[in-house]
Amino acid sequence: MSSTPSPCLPPSPLQSEKAKRYDRQLRLWGDHGQTALERANVCLINASATGTEILKSLVLPGMGNFTILDPSPVTGEDAGNNFFLTADSIGQSRGEVATRLLLEMNHEVRGESRQESVEQVLDEDPDFFTNFSLVVACGLSEKSLLLLSGKLDSSKIPLLVVRTSGFLGYIRLQLGEHLMVETHPDNAAPDLRLDQPWDALVSWLEEEGRRMTTMDLKDHGHTPYPVIMHSFIKEWREKHDGNIPANYKEKKVFKEEMLKGMRKRENNPELYEDEENFEEAAKAVNTVLVKSAIPSNTQDIINDPSAENISASSANFWILAHALREFVVKENRLPVSGVIPDMFSDSERFIKLQNIYRDKAGQDAEIIQRKVHQVLESLGRSSETISETEIKRFCREARFLRIQRGSTLSDEFSSSNFNLNLDDPESDALYYLVLRAVDRYMTQFGNNPGLTEADIELDIGRLKTITTSMLGQMGLNTAPQGIDEHIHEVCRYGGAELHSVAAFLGGAAAHECVKLLTGQFVPMDNLVLYNAVTANVSSFKVGN
């Protein structure tokens, strides 16, 4: 019977209560991701239905601290669309009531509220927002948004803007420079380096390859597929000037030849035994049998001026990128990740193969660690500034490094930066333009358009005027087709928050918050629109 080792050990019976509570998410972002989340300090502006949905999804996984900034009292509308507010709380501070009920969901989280507006807080304490890891703003006017945007951009603090109106909503992320090591890509190819094996790997693969001729059927059928592939790669290279199969046709021939290596049945030599390891090898040809190269995303990072010109104030990421850059120049390759996939094998040989890759990964990480320590010393920083664990993680994830640089809210409506396709009347991009016009409407008139039926026609005219002004900012003198219908629709909503829309968009926004707070996964870049009528989610990038 085959034995396939699992990369994850089963949970210990002595596992802490905290680990049991957060078990599922720990499998996603690990202990270090959870620690980052627990150290986070988030500010939510306005405890609306959407805002509390966002905080709920951050409180449950154990965010460290939050502060709700909300000058408004609870209204009947709030009690009707917000699960965290009830009819008996009408008239009380909305932020205070929401804070109390949110904290009941997780007693390890700390939270507070302030019954003040953005402008009031900044007048009293200009540095108030610099204490936060992330600021989330729901339903703010354009004046407040731009004031907040400028303050947070200069302090390099991410801003997540969320607005829902009727069946529509958007999430807009303002981000300066976001550096990502653990991006968790989907369907990442294994890092086996069979085209560039090192001596220790070659020695073991060839020894196992020679043994296959004398193995019994059980051991033959449990030989790890890299052994099988290496043997046939060697034969292929001898016949093809040292090259590996490079295209579909060649890989198809290679698979066919490799599958002929399966044992034939003793009672019927015309049929092959069912050896899953050979079938696994054939399936792996397209992903594993590729020329080792440095991905463009990693190449861009090590060529970035921030990686070349480092200083004492450089982020750890850039110092590690600088060391990686020198490693690549010298070795002409990335460090080995040390991670191999599950495969059909007996435990003994799987562990042996795994250790060979881990040893090589350790050697590569040690080279980079020495360089990192040299750089830190030259910059007058302690070698403990960057831990060995952080260096090894950086090396393991070197193929998947990412950097994201965003744009500010104030920049997006200039003619050179607003790059949404407004020519398509069916595009939801038009809704973003109108919803941002609502933000400006709130600055001028102090409330949402269409609050009463009697004012709808007047508000439609006002919103058209504001939208035309915004189009003029972008250098567009002609209104896009369909814009009037979009304005009418948004005005009819009257700024109402439907709980189903708030819950969906709030959950999506919370996911983006987790990405930013843990420093893992790749956040949106930089606008998401939700249309509940068509159940359509659209992603755009606005600004530079």
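Given the structure is predicted, the values throughout are model-derived calculations rather than measurements.
Closest heavy-atom contact between His222 and Phe344: NE2-CE2, 3.8 Å. In this structure, Thr518 and Val514 approach most closely via the heavy-atom pair OG1-O, 2.8 Å. When every heavy atom of Arg193 is checked against every heavy atom of Pro335, the shortest pair comes out as NH2-O, 3.0 Å. Nearest heavy atom pair, residue Leu102 against residue Phe66, reads CB-CZ, 4.2 Å. Nearest heavy atoms, Leu376 versus Ser382: CD1-O, 3.6 Å. Contact detail for Pro523 and Leu173: the closest heavy-atom pair is CB-CD2, 4.1 Å.
In this structure, Phe521 and His184 have parallel ring planes: the angle between them is below the 30° cut-off, well short of the 60° mark.
Around NE2 of His499, the count of heavy atoms belonging to other residues, nucleotides or ligands within 6.0 Å exceeds 12. More than 12 heavy atoms of other residues, nucleotides or ligands shown are found within 6.0 angstrom of CG on Asn247. Atom NZ of Lys515 has more than 12 neighbouring heavy atoms from other residues, nucleotides or ligands inside a 6.0 Å radius. For Asp199, the CG atom sits in a loose shell: 12 or fewer heavy atoms of surrounding residues, nucleotides or ligands are nearer than 6.0 Å. Environment of CD in Glu256: crowded, with over 12 heavy atoms of neighbouring residues, nucleotides or ligands closer than 6.0 Å. Under a cut-off of 6.0 angstrom, the local environment of CZ in Phe327 is crowded, with over 12 non-hydrogen atoms contributed by other residues, nucleotides or ligands. Heavy atoms of other residues, nucleotides or ligands lying less than 6.0 angstrom from CZ of Arg265 number more than 12. Residue Glu348 places its CD atom among 12 or fewer non-hydrogen atoms of other residues, nucleotides or ligands, all under 6.0 Å distant.
Of the N and O atoms on the side chains of Asn277 and Thr223, not one donor lies less than 3.5 Å from an acceptor on the other residue. Side-chain atoms of Ser387 and Thr389 form no donor-acceptor pair, as typed in the model, at a separation below 3.5 Å. Using modelled atom types and a 3.5 Å distance limit, the side chains of His240 and Glu250 yield no donor-acceptor pair. For the 3.5 Å distance criterion, the side chains of Trp198 and Gln363 fail to qualify, holding no donor opposite an acceptor.
Asp364 has a carboxylate O that lies under 4.0 Å from a charged side-chain N of Arg333, or vice versa, which qualifies the two as a salt bridge. Glu390 has no carboxylate O lying under 4.0 Å from a charged side-chain N of Arg393, or vice versa, which leaves the two without a salt bridge. The pair Lys234-Glu206 meets the salt-bridge criterion, since a charged nitrogen lies less than 4.0 angstrom from a carboxylate oxygen. Salt-bridge formation is not detected for the pair Glu280/Lys283: no Lys NZ or Arg NE/NH1/NH2 atom is positioned less than 4.0 Å from an Asp or Glu carboxylate oxygen. Between Glu388 and Lys392 a salt bridge is recorded (basic side-chain N to carboxylate O distance below 4.0 Å). Ion pairing between a basic and an acidic side chain is recognised when a charged N comes within 4.0 Å of a carboxylate O; Lys18 and Glu38 show such pairing.
Taking CD from Gln25 and CG from Leu60, the interatomic distance works out to 9.0 Å, rounded to the nearest 0.5 Å. With values rounded to the nearest 0.5 angstrom, Leu55 atom CG is found 10.5 Å from Met105 atom CE. Separating the NE2 atom in His322 from the CD1 atom in Ile310 is a distance of 4.0 Å, to the nearest 0.5 Å. Note that CG of Leu194 and NZ of Lys291 are 15.5 Å apart. Values are rounded to the nearest 0.5 Å. Rounding to the nearest 0.5 Å gives a distance of 10.0 Å between CG of Asp219 and CE of Met212. Atom CD1 of Ile294 is separated from atom CD1 of Ile301 by 12.0 Å, given to the nearest 0.5 angstrom.
In this structure, the side chains of Leu179 and Trp318 come closer than 4.5 Å at one or more pairs of heavy atoms. Inter-residue side-chain proximity for Ser407 and Asn526 is flagged as met; some heavy-atom pair is nearer than 4.5 Å. Counting only heavy atoms from C-beta outward, the side chains of Leu409 and Leu159 approach each other to under 4.5 Å. At least one side-chain heavy atom of Ile228 sits under 4.5 Å from a side-chain heavy atom of Met258. Using a 4.5 Å heavy-atom threshold, the side chains of Tyr357 and Leu201 count as touching. For the pair Leu44/Cys138, a side-chain contact is recorded, criterion being any heavy-atom separation below 4.5 Å from C-beta on. Contact annotation: the side chain of Gln520 approaches that of His32 to within less than 4.5 Å [non-hydrogen atoms, C-beta and beyond]. Side-chain atoms of Pro224 and Glu208, non-hydrogen and from C-beta on, never get closer than 4.5 Å to each other.
Arg381 places a side-chain N or O within donor-acceptor distance of the main-chain N or O of Ala312, the cut-off being under 3.5 Å. In terms of modelled atom types and a separation under 3.5 Å, the side chain of Arg325 and the main chain of Ile302 share a donor-acceptor contact. Distance alone, capped at 3.5 Å, places no donor-acceptor pair between the Lys352 side chain and the Trp204 backbone. Judged by distance alone, the side chain of Thr183 and the main-chain N or O of Phe400 form a donor-acceptor pair under 3.5 Å. Using a distance-only test at 3.5 Å, with no hydrogens or angles considered, no donor-acceptor pair links the side chain of Glu53 to the main chain of Ala510. The backbone N or O of Met524 sits less than 3.5 Å from a side-chain atom of Glu512, completing a donor-acceptor pair. No side-chain donor-acceptor contact under 3.5 Å links Asn41 to the backbone of Ser133. A donor-acceptor contact shorter than 3.5 Å links the side chain of Asp346 to the backbone of Arg349. For Thr52 (side chain) and Ala49 (main-chain N/O), a donor-acceptor pair under 3.5 Å exists by modelled atom type. The main-chain N or O of Arg399 is found under 3.5 Å from a side-chain atom of Asn297 such that the two form a donor-acceptor pair.
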Notebook entry, point to check: Can Arg402 and Asp525 be said to form a salt bridge (Lys or Arg N to Asp or Glu O under 4.0 Å), step by step?
Noted result: CA-CA 12 Å; Arg402 291 280 295 273; Asp525 188 20; over 6 Å; no
Next item on the list: List the steps, then state whether side-chain contact (heavy atoms from CB on, under 4.5 Å) holds for Leu498 with Thr164.
Entry: CA-CA 8 Å; Leu498 304 180; Thr164 61; over 6 Å; no
Item checked: Step-by-step side-chain contact (heavy atoms from CB on, under 4.5 Å) determination, Asp195 to Val290 -> CA-CA 7 Å; Asp195 65 317; Val290 293; over 6 Å; no
Next item on the list: Quick one: do Leu160 and Ile171 satisfy side-chain contact (heavy atoms from CB on, under 4.5 Å)? Show the steps, please.
Entry: CA-CA 7 Å; Leu160 197 71; Ile171 306 171; 3.6 Å; yes
Next item on the list: List the steps, then state whether side-chain contact (heavy atoms from CB on, under 4.5 Å) holds for Asp304 with Asp300.
Entry: CA-CA 6 Å; Asp304 193 284; Asp300 290 344; over 6 Å; no
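In this structure, Phe278 has its ring center closer than 6.0 angstrom to the ring center of His220. Aromatic pair Phe540/Tyr432: ring centres not closer than 6.0 Å.
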